[in-house]
Q: 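Encoded as structure tokens, here's the structure I'll be asking about.
Residue numbers begin at 1 in each chain, while the letters A, B, ... track the order of the sequences.
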2 protein chains.
Amino acid sequence: MVPMTPRRSDALSRERIVEAAVRILDTKGEGGLTLRAVTAHLSTGRGAIYHHVTNKEELLAAAADDVIRAVVTGDSVRDLALGIFDAIDVHPWLGAQLARDPSQPAVLRIFKSVGVGLRTHGLAGTALSDAGAALVNYVLGAAAQHAAGARQAAGESAREDYLEALAAEWAGSDDDPLVQEAAALLPGHDDRAQFLAGVDIFLRGISG
Amino acid sequence: MVPMTPRRSDALSRERIVEAAVRILDTKGEGGLTLRAVTAHLSTGRGAIYHHVTNKEELLAAAADDVIRAVVTGDSVRDLALGIFDAIDVHPWLGAQLARDPSQPAVLRIFKSVGVGLRTHGLAGTALSDAGAALVNYVLGAAAQHAAGARQAAGESAREDYLEALAAEWAGSDDDPLVQEAAALLPGHDDRAQFLAGVDIFLRGISG
DNA sequence: ACCTGAACACCGTTCAAGT
DNA sequence: ACCTGAACACCGTTCAAGT
């Protein structure tokens, strides 16, 4: 009898390609994800990838959805938002990727979960869609900024010094007391705590 | 007498380079901004750019700041937010650029204006910096999503069809009434009106 | 059907050589 | 000091040729 097609465990598949992409993105960052790096990692030929994935853009979207899928399981909107923030903290490339296209699978998945979560807050109709869009946009914006900041945190203390110097420049260059205090916005905050404070402002604005 | 250095009006300068970059970005989009396109537009040699700008990243940041500078003049936070949204609507490449690096000049400029604006709402200390960060992140996130959506609006009706089909798929695949209504989040909204609704949710959350 | 790897048409950046 | 343009070291994607 002829056996079923053997399906060698190392056969190329969309799943294995996406898996490799996530690993490379986590290891070398966004700039490290080249088609050449992927094919080297899978020890296959250059063009083999294109039999399973249409192009690099789709590969990035698939990698993002792979990570987000595991995260949108939280019950409350607050937990959901925090889960997304933490995922982007662990995978900084996610921040830029989610901001790139609102109709990619990962963003739609987030939209769905937020929508469901907000329904339990008693929202419906326009109020629901306005609040849902606002919360999703806040989460994606905050996470993108945090990820971009963390990415260049090679010289973390250097960045802190830079922001402090800038705050001093603002305070010094303008007598307006408003500017003086606005300068305090800049340096040294716990991004995660500040992110949660923002979520709470939104939730207060929704129920208010 | 020897005249002052003549300063031919077409002499290369950082200002003219940034100006050309903005024009190219507006015309051909983010993918159209190549160093080759810039040098062709200014009819100069490849490497001449590098005497006035350190690299492409800095050129993009300078282009973004050039546009934002003209926008952060509004008085109320609401007007300021709307001005940024409209600027990104006109210059879609701005959406991705502002999300790329929180310590670039344009983002810091926005932070300063929002900080000053929120002080007039009576905020100070941690409440001010939390609210400032939240508002900036929301504005940048919403604008980035809007710009990304608008960028692929070549087939605008195609995208609308896609979202409607997806909403139908959500509604059909899940009996949960929460999902049913969450599907209504997806298609057909006025992004600008929804953006403003989000700003108002946020302002309500601050004063609440 | 799936895979290979050379070839193509691009990039950003550098640098010796000119003015 | 500023500019030129060829050269370098990369990209993503395609495609004839193999299995």
Q: Over how many whole Å does the gap from E58(B) atom CD to dG12(C) atom P extend?
A: 15 Å
Q: What does L59(A) touch in the nucleic acid at a heavy-atom separation under 4.0 angstrom: a base, only the sugar-phosphate, or nothing?
A: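 Answer is nothing: L59(A) stays at 4.0 Å or more from every strand.
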Q: Have a look at L42(A) and say if it touches a base, only the backbone sugar-phosphate, or nothing, with a 4.0 Å heavy-atom cut-off.
A: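 It contacts nothing in the nucleic acid.
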Q: Roughly how many Å is it from CD1 in I49(B) to P in dC15(C), rounded to a whole number?
A: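 So the two atoms are 18 Å apart, to the nearest Å.
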Q: For the residue pair L140(A) and I110(A), establish whether any side-chain heavy-atom pair is separated by less than 4.5 Å.
A: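 A side-chain contact exists here, since the closest heavy-atom pair is under 4.5 Å.
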Q: Once you round it to whole Å, what is the distance between P of dC3(C) and NE2 of H51(A)?
A: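 Interatomic distance, NE2 of H51(A) to P of dC3(C): 7 Å.
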Q: In whole Å, I'd like the distance from the CG atom of L35(A) to the P atom of dG5(C).
A: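 In whole Å, dG5(C) P lies 16 Å from L35(A) CG.
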Q: Knowing that exactly one of H52(A), K56(A), E58(A) qualifies, which makes a side chain to side chain donor-acceptor pair (under 3.5 Å) with T54(A)?
A: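 It is E58(A); the other options fail the test.
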Q: Tell me which nucleotide among dC3(C), dT14(C), dC11(D) gets nearest to the side chain of R36(A).
A: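 Of the options given, the side chain of R36(A) lies nearest dC11(D).
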Q: Ignoring backbone atoms, test whether H52(B) places a side-chain nitrogen or oxygen under 4.0 Å from the OP1 or OP2 oxygen of dC3(D).
A: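 Yes, because at least one side-chain N or O of H52(B) sits under 4.0 Å from OP1 or OP2 of dC3(D).
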Q: Does S43(A) reach the main-chain N or O of A40(A) with its side chain, forming a donor-acceptor pair under 3.5 Å?
A: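 Absent.
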Q: What is the distance, rounded to the nearest whole Å, between atom OH of Y50(B) and atom C1' of dC15(C)?
A: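 Result: 13 Å.
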Q: Give, for atom CG of L35(A) and atom CG of L59(A), the distance between the pair rounded to the nearest 0.5 Å.
A: 7.5 Å
Q: Reading DNA chain D from 5' onward, which residue's closest nucleotide shows up sooner: S43(B) or L33(A)?
A: S43(B)
Q: Measure the acute angle between the ring planes of F202(A) and Y138(A), then classify it against the limits of 30° and 60° as parallel, tilted or perpendicular.
A: tilted
Q: Does F195(B) reach the side chain of D190(B), with side-chain heavy atoms less than 4.5 Å apart?
A: no
Q: Please name the residue in the list E30(A), Q104(A), E57(A), H91(A) that meets the side chain to side chain donor-acceptor pair (under 3.5 Å) test with Q97(A).
A: Q104(A)
Q: I want to confirm an ordering. Mapping G31(B) and T54(B) to their closest nucleotides on DNA chain C, which one lands closer to the 5' end?
A: G31(B)
Q: What nucleotide among dC3(C), dC11(D), dG12(C) has an atom nearest to a side-chain atom of T34(A)?
A: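 It is dC11(D).
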Q: Nearest to the side chain of L12(B), heavy atoms from C-beta on, is which of dT13(C), dT13(D), dC3(D)?
A: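 Comparing dT13(C), dT13(D), dC3(D) against the side chain of L12(B), the answer is dC3(D).
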Q: Please confirm whether any donor atom in the side chain of R46(A) sits under 3.5 Å from an acceptor in the base of dG12(D), or the reverse.
A: no
Q: Under a 3.5 Å cutoff on both atom distances, Watson-Crick or G-U, what's the dot-bracket for DNA chain D ([ ] crossing, | other strand)?
A: ||.|||||...|||||.||
